[in-house]
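To start, the structure itself, in structure tokens.
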Amino acid sequence: MSEFTSLIHNENIKIYSRVRTWVMLFILAFISVLFPALFHFTSSGGSASLMGVWENFQITLTIAFFLNTIFTVVIASDSVAGEFSWGTIKLLLIRPWSRSKILLSKYISLVLFSLLSTAVMMLFAYGASLIFSSGNASATVGSFTAFEYAMLDVLCSYFEMFITAALAFMVSSVFRASGLAIGLSLFIMFTQNMFAMIFNPERYAWAKYLIFTHMDLGRYILSDTGPAGITLGFSIAVLAVYYALFLAVAWVVFGKRDVAA
Amino acid sequence: MFSCFSEKRQTVVNYKGLQAYSHYFRIFKMTKGSEVMPNMAEVVKPVASLMNVTKTIGSKTLVSDLTLDIPPGQVFGFLGPNGAGKTTTIRMMVGLISISKGDILICGRSIKDHFEEAIANVGAIVENPEMYKFLTGYQNLRQYARMVPGVGKERIDEVIKLVGLEQRIHDKVKSYSLGMRQRLGVAQALLHRPKLLILDEPTNGLDPQGIRELRDYLRRLCTEEGTTVFVSSHLLSEMELMCDSVAIIQNGKLVDIKQLKTVGDAAAVSSVETLFEVDNPQAALELIGRGQLQQGGIVLEAGREEVAGLNARLVAAGIKVYGIRTLSRSLEDQFLEITGGEGIV
């Protein structure tokens with residue numbers, strides 16, 4: 001048997017040899033540079049111009065992460081559904097590799113992409129923040145320095161994106177429709193706050209097991225407990241269960257289903 | 001080659017073959033007789049065995065209780081009208097869809113329980129050969145080469161040469177014609193030198209020259225590399241030219257297995273219905289004393305040498321002989337007979 005890494009290599013080629021992927025990465029880099037520049041040029045002597053490098057960086061990333069999530073979801077959705085719509089799945093699955101390993105290689109390449117896109121974003125946002133920030137001393141946020149806060153915030157945003165991508169990946173391999181996968185995951189991404197508000201765990205006890213309540217881990221940076229006294233540990237546990245569920249469904253369905261596309 | 005005959009589990013096809021009139025259309029008469037030719041009754045271990053394979057989706061049975069052995073070193077045809085279950089069977093053979101009942105062994109390994117080992121012996125195109133359009137032909141082949149051990153650059157180049165894609169291999173697949181994609185599909189299936197090559201309607205979209213080439217290199221693969229080729233089609237004339245044997249399937253059931261090609265010597269000794277086209281059929285009939293009248297000639301059973309002798313007698317008796325033809329039924333006639341003439345499109 002050849003190496004499993006060659007499967008991941010294959011999947012990476014499928015991602016990076018498409019123009020689309022580079023356009024996405026370019027847009028991410030562009031947005032990451034654009035916002036620090038906008039903050040700089042649109043504020044004359046106001047508070048924004050006094051923002052420190054890391055504050056600038058953090059705000060830029062908060063905005064850019066929306067786009068990053070969308071792009072990662074697009075890649076996740078296409079990863080399996082694309083093979084079905086191209087018809088290439090038939091040639092892919094008749095190799096001496098089990099379906100679970102093929103799916104795993106796809107998932108790993110997706111995670112690698114999400115790491116790359118986040119790294120690109122951070123790099124450009126940091127560079128631009130260095131150039132366009134005039135404020136010197138960064139204020140502290142809670143008990144953290146601005147740098148620590150920015151990093152924690154990025155981590156939380158990445159986590160959220162990670163879960164959203166897993167959802168997209170699942171929908172993609174269950175329904176084999178990338179449009180549905182993209183739509184559904186983005187819908188959840190944009191409406192989670194609304195759902196979290198409607199199904200407030202303070203009002204409904206069961207609502208604390210909903211995924212929406214826990215997607216935003218950023219709230220734990222400055223406070224130990226969330227609504228209805230849920231803790232970071234509890235949120236992570238709930239998310240982990242959902243994550244495991246998404247992947248389990250994806251694997252079971254992908255492994256069992258008849259390929260008659 | 002003699003070794004191509006294996007005793008079928010269900011149907012033992014006995015036949016007397018005779019070479020047909022055309023040097024190109026090598027069609028042999030097949031009759032269900034009682035005796036098996038002794039030198040043909042050799043039992044060979046099949047490359048693939050389908051054992052009571054059934055596929056049901058909901059209440060619909062697509063393939064029912066199909067048992068079939070594919071003997072090694074042949075081009076084995078899989079023939080049936082549209083919707084007969086050809087592609088469904090092929091999908092089960094390559095593990096794309098589950099087998100509802102029964103099992104399929106490839107080189108002795110179950111595709112159900114030992115998928116990875118079984119499929120390693122198989123190269124296939126299932127329906128259209130879809131490729132990554134945003135990659136070049138070469139990059140596509142590299143994809144598949146990476147997934148199997150021991151396929152290096154030389155092998156890739158060799159296969160590209162075999163299918164005649166050297167000129168365009170570094171172009172993106174989206175610029176390929178259907179025929180070129182078909183060639184790339186064959187290349188992809190051959191990369192790892194599979195023991196069993198499964199091709200689902202491989203001549204779809206190929207031009208006559210492409211079909212001819214495909215036929216030639218399938219034949220070459222079979223004789224030179226010993227690859228067994230399992231090829232499905234609904235095109236009868238094509239199957240006649242391409243295959244050593246055909247299995248005929250209809251409504252998900254195996255109807256018959258037929259040998260198409262046999263050796264010339266065996267053909268020479270058996271007699272076959274022959275038409276003598278003559279100017280005076282009545283006189284010819286009286287002279288020979290057997291046979292029956294037909295438009296512009298007489299028809300009788302005769303062996304190879306006998307035909308020559310009869311001809312000499314006719315000519316000697318002053319009867320003009322315009323033509324001598326064997327009246328073997330074509331595969332199409334037999335196919336229609338077997339499948340009850342239901343539409344083959």
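Chain naming here is simple, since letters A, B, ... match the order of the sequence lines and numbering starts at 1 in each. Below, each value reflects all heavy atoms present in this structure, side chains not excepted, and no hydrogens, waters or symmetry copies. None of these values were measured; they are calculated from a predicted model.
Atom OH of Tyr217(B) has more than 12 heavy atoms from other residues, nucleotides or ligands within 6.0 Å. In this structure, Phe26(A) places its CZ atom where only 12 or fewer heavy-atom neighbours from other residues, nucleotides or ligands lie under 6.0 Å away. With a 6.0 Å radius and a threshold of 12 heavy atoms from other residues, nucleotides or ligands, Lys195(B) has its NZ atom at or below the threshold. Within a 6.0 Å radius of CZ in Phe175(A), no more than 12 heavy atoms belonging to other residues, nucleotides or ligands are found. Within a 6.0 Å sphere centred on CD of Gln167(B), heavy atoms belonging to other residues, nucleotides or ligands number 12 at most. With a 6.0 Å radius and a threshold of 12 heavy atoms from other residues, nucleotides or ligands, Tyr16(A) has its OH atom above the threshold.
Between the Arg95(A) side chain and the Tyr144(B) main chain, no donor and acceptor come within less than 3.5 Å of each other. Using a distance-only test at 3.5 Å, with no hydrogens or angles considered, a donor-acceptor pair links the side chain of Ser6(A) to the main chain of Arg146(B). The backbone N or O of Met147(B) lies less than 3.5 Å from a partner atom in the side chain of Trp97(A), making a donor-acceptor pair.
Contact annotation for Tyr132(B): both backbone and side-chain heavy atoms come within less than 4.5 Å of a heavy atom of chain A. Only the backbone of Arg257(A) comes within contact range of chain B, judged by heavy atoms closer than 4.5 Å. Using a 4.5 Å cut-off between heavy atoms, Leu7(A) contacts chain B through its side chain alone, with no backbone atom that close. Looking at Lys55(B), only its side chain comes within 4.5 Å of chain A, counting heavy atoms on both sides. At a 4.5 Å heavy-atom cutoff, Asn140(B) makes no contact with chain A through either its backbone or its side chain. Both the backbone and the side chain of Lys14(A) come within contact range of chain B, each with at least one heavy atom under 4.5 Å from a heavy atom of that chain. With a threshold of 4.5 angstrom between heavy atoms, Gln188(B) approaches chain A through its backbone and through its side chain.
To the nearest 0.5 Å, atom CD1 of residue Ile94(A) and atom CE of residue Met93(B) are 11.5 Å apart. With rounding to the nearest 0.5 angstrom, the CG atom of Leu96(B) is 6.5 Å from the CZ atom of Arg99(A). Residue Leu92(A) holds its CG atom at 8.0 Å from CD of Gln143(B), rounded to the nearest 0.5 Å.
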Checklist entry - So Met131(B) and Leu91(A), side chain to side chain contact (heavy atoms under 4.5 Å, CB included) or not? Walk me through it. => result CA-CA 8 Å; Met131(B) 297 285 171; Leu91(A) 290 181; 3.8 Å; yes
Checklist entry - Passes side chain to side chain contact (heavy atoms under 4.5 Å, CB included), Lys256(A) versus Ser98(B)? Steps please. => result CA-CA 8 Å; Lys256(A) 287 261 184 303; Ser98(B) 61; over 6 Å; no
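Classification of Lys90(A) and Asp200(B) as a salt-bridged pair fails, no side-chain N sitting under 4.0 Å from a carboxylate O.
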